[in-house]
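Presented below is the structure to which this report refers.
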Amino acid sequence: MRLLLTVIKHTHKLPVYTSRLRCLSSCASGGLLPLRDEELILGSSRELVQGLGSQVEVRTAFITEEEEGAFLRELEPGLKKKRYEFDHWDDAIHGYRETERLRWGAACEEVLNRVRSVAFPEGSPLLGPVHVLDLDKTGYIKPHIDSVKFCGSTIAGLSLLSDSIMRLVRENASNEWLDLLLPRRSLYILRDQARYNFTHEILKDEESVFNGQRVPRQRRISVICRNLPG
Ligand code: OGA
Ligand code: MN
């Protein structure tokens, strides 16, 4: 089932540099205070963050609460029928259930068209079905690079239900890394080098700390669009 993934093991070095020192604080609702998009990316060096430039993007509040609700209404009935899968030692993902969907209701289709128009080059052929990944609160994604055989240069994902941290680590140079804070209802985009030369992972709740600030992980659903290899 997980054709897309190649797991790569590495040891993660401690941060040597943070691009910005800032405090995140939680508001009454338990969410994060509004952050500027450029405050959502932190890396091992300024050169790396700047060098990757637009190859890594996080856009906060890409969807509204209503749009998030539309996705949940559309996805929950199908997801609920599946069990979360744990403990496959060879699996890149722990504590997940997933599905793919080709046809969407109008509200979701409108959001997906917005994702497609900001993330992919015009005319770039996309992988037909959209990938939906439901991570349990205890679930996480180990470092991997999406299969170059099945997906192209760009990966774009919406995060529903929970904030989370995506970590990128350069293959064969684990001292070069980026952490992305993915707030609930944000969109992230990985392109080119960031997609091909860095592993990506979603941290487990216990490890979910961004710039010294704990970011509690809840159940998280991601809705991921990919293009086809060139
Ligand atoms: C994947 C993956 C990231 C996410 O399924 O290959 O990396 O945002 N998912 O769920
Ligand atoms: Mn992936």
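All ligand and atom numbering here is 1-based and tracks the order in the structure.
A distance of 6.0 Å or more separates the ring centres of W177 and F198.
Taking both residues in full, the closest heavy atoms of I202 and R217 are given as CG2-NH1, 4.0 Å, listed atom of the first, atom of the second, then distance.
Contact annotation: for I155 versus ligand 1, there are no heavy atoms closer than 4.0 Å. In I224, the part holding a heavy atom less than 4.0 Å from any atom of ligand 1 is the side chain.
Residue S222 has at least one heavy-atom neighbour below 4.0 Å for each of these atoms of ligand 1: 4 (C), 8 (O), 10 (O). Annotation for ligand 1: atoms under 4.0 Å from non-hydrogen atoms of H131 are 5 (O). With ligand atoms numbered from 1 in the order given, ligand 1 contributes 6 (O) to contacts under 4.0 Å with heavy atoms of D146. Close approach of ligand 1 to R226 is summarised as follows: ligand atoms under 4.0 Å from at least one heavy atom of the residue are 1 (C), 5 (O), 6 (O). Interface of Y188 with ligand 1, defined as ligand atoms under 4.0 Å from a residue heavy atom, comprises 3 (C), 4 (C), 8 (O).
Proximity of R220 to ligand 1 is established by a heavy-atom distance of less than 4.0 Å. Heavy atoms of E201 stay at 4.0 angstrom or farther from ligand 1.
Here the N, O or S atom of H144 that is nearest to the Mn ion (ligand 2) is NE2.
For the 3.5 Å distance criterion, the side chains of S164 and R220 qualify, holding a donor opposite an acceptor.
Evaluation of the side-chain hydrogen bond (donor to acceptor under 3.5 Å, both in side chains) rule for E109 yields R116 as partners, not counting sequence neighbours. By the salt bridge (Lys or Arg N to Asp or Glu O under 4.0 Å) test, R101 is found to be paired with E74, residues two or more places apart in sequence or in another chain being considered.
The shortest side-chain heavy-atom distance between D205 and R214 falls under the 4.5 Å cut-off.
When the options H94, R219, K137 are evaluated for a side-chain hydrogen bond (donor to acceptor under 3.5 Å, both in side chains) with Y84, the one that passes is R219.
Taken from CZ in R185 to CD in E67, the straight-line distance is 10.5 Å, to the nearest 0.5 Å.
Geometry note: the Mn ion (ligand 2) is the vertex, D146 OD1 and H200 NE2 are the arms, and the angle is 100° (rounded to 10 degrees).
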